[in-house]
Amino acid sequence: MTQPRSIVILTGAGISAESGIATFRGPGGLWEGHRVEDVCTPEALARDPASVHRFYDARRAALATVEPNAAHLALARLDAAWPGALLLVTQNVDDLHERAGSRRLLHMHGALRSALCALCGIRSASPDPLPPDTPCPDCGEPALRPDIVFFGEMPYHMDAIEAAVAGCDLFVSIGTSGAVYPAAGLVRLAAAHGAATLELNLEPSAGSDLFDETRLGLATALVSAWVDTLLHRHG
Ligand code: APR
């Protein structure tokens with residue numbers, strides 16, 4: 001693989017697993033204990049706002065008990081040192097990338113630290129906890145909801161993400177099962193535009209055969225080694 005100039009990195013729940021945040025699928029995953037239909041759809045929010053808000057309150061409260069791990073820190077090191085174009089796109093709603101120091105970062109599925117007014121659309125720092133009917137700091141209406149992209153809703157920043165992926169020469173996917181679109185389709189877009197594609201994951205994902213190369217193992221080990229090699233070669 002020639003030395004890339006522009007890189008797009010996609011992360012999923014697997015990068016935060018070693019920090020103690022449950023992934024979604026697989027043993028002990030969030031979707032084992034909760035039905036998506038009960039906590040992660042606009043219909044669930046309309047039907048039972050108290051349960052949905054409680055679910056995300058618990059996940060937000062848990063952020064205080066976890067820390068960024070070596071994989072988050074390695075990506076922040078890359079962000080600080082990489083002279084070319086770089087974009088980190090995360091499906092995660094935790095704040096571990098920011099706390100590790102990543103700056104060129106987009107949350108495509110929302111963020112636990114943010115609240116969204118269902119009426120005026122303004123986003124603001126989320127109170128903790130965030131009970132239903134919390135007034136919006138901008139329009140004052142009791143309409144704040146968790147700023148999480150629910151199933152059936154459009155992910156955030158898709159234009160910027162697709163433009164970056166179409167223009168990059170290296171696309172790297174870390175800790176994601178490739179089960180959820182449009183994130184799972186980004187590798188195809190990258191390959192279609194001639195980018196090299198690399199997957200770093202604990203086990204083969206639904207999209208492994210779409211990547212030029214797949215390395216299996218723990219994110220903390222794989223990501224640190226990849227970043228060290230890249231920065232060493234580029235040094
Ligand atoms: N290191 C590397 N990879 C890991 C690790 C680890 N320590 N632990 C788990 N993984 C891998 C698993 O093998 C799996 O392929 O991370 C992946 C996690 O997959 P999911 O639980 O499906 O999470 P993700 O792909 O991020 O889910 C995508 O689905 O539920 C929705 O909106 C939610 O953003 C989420 C989206």
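In listed order, ligands and their atoms are each counted from 1. Side-chain atoms are counted along with the backbone in the values below, which use heavy atoms only and exclude waters and symmetry mates. A quick note: this is a predicted structure, and the numbers were derived from the prediction, not measured.
The side chain to side chain donor-acceptor pair (under 3.5 Å) analysis of residues 19-28, with sequence neighbours excluded, yields the pairs Ser19-Asn69. Sorted by first and then second residue, the ring-ring contact (aromatic ring centres under 6.0 Å, His included) pairs with a member in residues 88-137 read His72-His97; sequence neighbours excluded. Applying the side chain to side chain donor-acceptor pair (under 3.5 Å) test to pairs two or more places apart or on separate chains, none has a residue in residues 185-194.
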task: Using the side chain to side chain donor-acceptor pair (under 3.5 Å) rule, take Thr220 and Glu18 through it: C-alpha gap first, then chi angles, then the decisive distance, then the call.
output: CA-CA 8 Å; Thr220 49; Glu18 293 161 81; 2.4 Å; yes

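Residues Tyr156 and Asp147 bring a donor and an acceptor atom of their side chains to less than 3.5 Å of each other.
Under a 4.0 Å N-O distance rule, the pair Asp57/Arg54 does not qualify as a salt bridge.
Annotation: ligand 1 has protein neighbours Gly12, Ala13, Gly14, Ala17, Glu18, Thr23, Phe24, Arg25, Trp31, Gln91, His109, Phe151, Gly175, Thr176, Ser177, Val180, Asn201, Leu202, Glu203, Gly217, Leu218, Ala219, each with a heavy atom less than 4.0 angstrom from the ligand.
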